[in-house]
> 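This structure is in structure tokens; I'll ask about it shortly.
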Amino acid sequence: MEPRENARAAADAVAERLATPEDMRSPHHRQGWWPQSLAHGAVGIALLHIERARTGDGPWQRAHDWLACAAAQPAIGGTDSHLYYGAPALAFALHAAADRPGRYARALNTLDRHITAAIQERLAGAHARIDRGETPKLAEFDAIRGLSGMGALLLHRDIHIDLFREILAYLVRLTEPVKHNGEPLPGWWSHLAPSGEVFPDYPAGHANNGVAHGIGGPLALLALAIRHGITVEGHHEAIARILAWLDRWRQDGPAGPWWPYWITREQLRSGRPGAGPSRPSWCYGTAGLARAQQLAALATHDPARQRAAEGAFLHAMTDPGQLRATVDLSLCHGFAGLAHITGLVAADAITPGLTECLPRLLAPITDTTTGSPAASLLDPPGGGDMGLLEGAAGTALALHSFRAGTATASGWNSCFLIN
């Protein structure tokens with residue numbers, strides 16, 4: 001079969017395995033059973049069936065069944081909720097399923113009360129933290145658990161634009177440089193380790209460069225906001241500060257340009273990052289960061305930076321060493337993510353050669369000589385992973401989008417801040 005038919009077959013195989021919640025409800029999943037999780041649970045699987053239903057490739061009943069599973073218990077709000085869990089995750093999926101005006105309106109209105117209250121509380125806490133001169137936790141601002149993710153939800157749904165502007169204003173403030181003990185630091189410097197916890201190897205914290213948990217997420221959201229015609233005071237300056245930081249830490253070598261996942265205080269002082277490049281994934285690495293910089297270049301009309309970002313991406317997708325470091329199939333840090341982002345980068349690119357990378361990136365997912373690699377994500381050991389972020393549902397969504405060859409019908413990938 002040719003690549004698109006291989007992708008269709010692999011996506012269909014996963015969708016069949018994930019047909020109903022009853023087929024998958026088990027205490028043995030690698031990530032556990034979390035119905036309200038967009039990352040690992042029923043919400044993310046609902047997205048797969050929503051996208052397939054909207055493109056005529058699957059029945060709506062499967063989407064409804066998974067949405068009902070996700071919403072069976074009261075929505076989780078407050079400080080425990082974020083784009084990938086609880087009320088915001090449910091709202092993201094319901095909006096994706098709303099294929100006509102008014103559908104799910106009552107449920108979305110109820111969820112919005114939880115979401116707006118949570119955002120307002122987080123914004124107040126973040127500004128108070130800055131006023132105290134303290135450094136942030138990654139979960140304050142990042143794409144997965146923080147205000148960048150919540151901003152992506154509001155932007156995708158095109159609601160509460162005034163509140164969205166408040167998130168942008170906070171991100172502008174986050175990028176302003178600070179001093180600790182007389183030493184200049186970027187405003188997003190965290191006192192914690194990349195895990196989000198206190199760890200002896202990071203006694204003075206770090207600056208995180210990732211899209212999932214670092215400054216790459218705010219950069220992408222700021223760029224996407226401009227492309228949607230929404231700006232706040234200091235918006236372009238904030239983008240410039242983030243890009244200047246990334247320019248400072250860009251490394252050039254035989255494998256092409258790359259960026260360290262994070263910078264410790266010792267590395268900041270010495271000017272020397274650790275060895276690399278590492279795995280070029282969405283969450284950390286060149287794929288996600290290059291896409292964020294391409295979006296920033298498009299937003300600010302900077303073709304030189306766009307070429308640089310696309311060139312870095314192309315190097316990463318053709319470097320055997322970096323591809324060997326990619327050892328799984330997932331959207332988060334595997335071949336599905338690389339293939340999906342490649343398609344998005346190529347669609348916006350002024351640099352040739354990106355589309356030609358796709359067959360090599362898709363091969364580990366669609367190789368039929370060993371059965372269905374994508375569907376095998378659901379198998380033991382560990383009970384498999386059925387989720388969007390690291391599991392079968394996300395991998396199938398990437399394959400479905402490649403097979404369709406068009407923009408997503410539901411906008412599912414906006415939760416990754418890449419589109």
> With heavy-atom distances below 4.5 Å as the criterion, would you say the side chains of Tyr261 and Pro273 are in contact?
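A side-chain contact is absent here, since even the closest heavy-atom pair is not under 4.5 Å.
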> So, does Arg279 use its side chain to make a donor-acceptor pair with the main chain of Gly285 at under 3.5 Å?
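Between the backbone of Gly285 and the side chain of Arg279 there is no qualifying donor-acceptor contact (under 3.5 Å).
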> Is a side-chain donor-acceptor pair under 3.5 Å present for Thr264 with His206?
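Short answer, no.
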> Check the side chains of Thr300 and Asp302 for a donor-acceptor pair under 3.5 angstrom, ignoring hydrogens and angles.
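Judged by distance alone, the side chains do not pair up.
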> Say whether, by atom type as modelled, one donor and one acceptor occur between the side chain of Asp142 and the main chain of Ile144 under 3.5 angstrom.
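Judged by distance alone, yes, a pair lies under 3.5 Å.
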> Counting distance only, does the side-chain N/O of His95 pair as donor-acceptor with the main-chain N or O of Ala91 below 3.5 Å?
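No; judged by distance alone, with no hydrogens or angles, the pair does not exist.
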> Output the distance between atom OG1 (Thr366) and atom CZ (Arg4), rounded to the nearest 0.5 Å.
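Rounded to the nearest 0.5 Å, the OG1-CZ separation comes out at 12.0 Å.
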> Please report the closest heavy-atom contact between Pro35 and Ala70, naming both atoms and the distance.
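Residues Pro35 and Ala70, closest heavy atoms: O-CB, 3.5 Å.
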> Which atom pair, heavy atoms only, marks the closest approach of Arg52 to Ala15?
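Taking Arg52 first and Ala15 second, the nearest heavy atoms are NE-CB, 3.4 Å.
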> Could you tell me whether Trp282 and Phe416 have their ring centroids closer than 6.0 angstrom?
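Ring centroids of Trp282 and Phe416 are less than 6.0 Å from each other.
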> Is it the case that Tyr170 and Glu140 place a side-chain donor and acceptor less than 3.5 Å from each other?
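Yes, a side-chain donor-acceptor pair sits under 3.5 Å.
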> Whether the Glu310 and Thr351 side chains hold a donor-acceptor pair (N or O, under 3.5 Å, no angle test) is what I'd like checked.
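On atom types as modelled, these side chains qualify, holding a pair under 3.5 Å.
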> For residues Ser414 and His156, is any side-chain donor paired with an opposing acceptor at under 3.5 Å?
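Per modelled atom types, Ser414 and His156 side chains form a pair under 3.5 Å.
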> Could you check if a side-chain atom of Leu38 sits within less than 4.5 angstrom of a side-chain atom of Leu389, using non-hydrogen atoms only?
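Leu38 vs Leu389: side chains apart.
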> Measuring from atom CZ of Phe141 to atom CG of Asn208, what distance do you get when rounded to the nearest 0.5 angstrom?
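Phe141 CZ to Asn208 CG: 6.5 Å, rounded to 0.5 Å.
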> Do Ile263 and Trp249 come close enough that some side-chain heavy atom pair is under 4.5 Å?
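Side-chain contact under 4.5 Å: yes.
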> Cut-off 3.5 Å, side chains only: do Asp252 and Trp258 have a donor facing an acceptor?
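No pair is found: no donor N or O on one side chain lies under 3.5 Å from an acceptor on the other.
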> Determine yes or no for a side-chain-to-main-chain donor-acceptor pair under 3.5 angstrom, with Ser81 supplying the side chain and Gly78 the backbone.
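Checking the backbone N and O of Gly78 against the side chain of Ser81, a donor-acceptor pair under 3.5 Å is found.
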> Roughly how far, to the nearest 0.5 Å, is CE of Met150 from CG of Leu123?
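The distance works out to 9.5 Å.
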> Hey, could you give me the CD/CG distance between Glu197 and Leu138, rounded to the nearest 0.5 Å?
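Result: 10.0 Å between the selected atoms.
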> Can you name the one residue among Asp12, Thr395, Thr55 that meets side chain to side chain donor-acceptor pair (under 3.5 Å) with His400?
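The side chain to side chain donor-acceptor pair (under 3.5 Å) with His400 is passed solely by Thr55 among Asp12, Thr395, Thr55.
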> Could you check whether any side-chain heavy atom of Ile45 comes within less than 4.5 Å of a side-chain heavy atom of Met386, counting everything from C-beta outward?
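Yes, at least one pair of side-chain atoms sits under 4.5 Å.
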> Starting at CG of Leu185, measure out to NE2 of His180 and round the result to the nearest 0.5 Å.
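It is 6.0 Å, given to the nearest 0.5 Å.
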> I want to check something: taking the side chain as every heavy atom from C-beta on, are Leu344 and Asn413 in contact at a cut-off of under 4.5 Å?
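Leu344 reaches Asn413 side chain to side chain.
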> Do Asn419 and Leu295 make a side-chain contact, defined as non-hydrogen atoms from C-beta onward lying under 4.5 Å apart?
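No, every pair of side-chain atoms sits at 4.5 Å or beyond.
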> For a quick test of reading the model, state the closest non-hydrogen atom pair linking Gly217 to Leu417 and the distance between them.
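Nearest pair, atom of Gly217 first, then Leu417: O-CD2, 3.3 Å.
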> Which heavy atom of Trp245 sits nearest to which heavy atom of Asn209, and what is that distance?
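Answer, listing the atom of Trp245 first, then Asn209: NE1-OD1, 2.9 Å.
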> Locate the shortest heavy-atom distance separating Ser37 from His40; write the atom from each residue and the value.
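Scanning both residues completely, I find the closest heavy atoms to be OG-N, 2.8 Å.
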> Asp99 versus Ile50: any side-chain heavy-atom pair under 4.5 Å?
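Of all side-chain heavy-atom pairs linking Ile50 with Asp99, none is under 4.5 Å.
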> For Val232 versus Ala169, what's the shortest heavy-atom pair and its separation?
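Taking Val232 first and Ala169 second, the nearest heavy atoms are CG2-N, 4.0 Å.
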> If you round to the nearest 0.5 Å, how far is CG of Asp57 from CZ of Arg8?
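Going from the CZ atom of Arg8 to the CG atom of Asp57 covers 5.5 Å.
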> Please walk me through it: do Leu338 and Leu323 pass side chain to side chain contact (heavy atoms under 4.5 Å, CB included)?
CA-CA 10 Å; Leu338 298 185; Leu323 294 181; 4.2 Å; yes
> Which word best sums up how the rings of Tyr284 and His213 line up, parallel for under 30°, tilted for 30 to 60°, or perpendicular for over 60°?
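Rings of Tyr284 and His213: tilted, as their planes differ by 30° to 60°.
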> For side chain to side chain contact (heavy atoms under 4.5 Å, CB included), just list the numbers for Phe313 and Thr342, CA-CA rounded to whole Å, side-chain angles, deciding distance to a tenth of an Å, and then say yes or no.
CA-CA 8 Å; Phe313 190 94; Thr342 296; 3.3 Å; yes
> Mind checking whether Leu108 and Arg157 have side chains closer than 4.5 Å, heavy atoms only?
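Of all side-chain heavy-atom pairs linking Arg157 with Leu108, at least one is under 4.5 Å.
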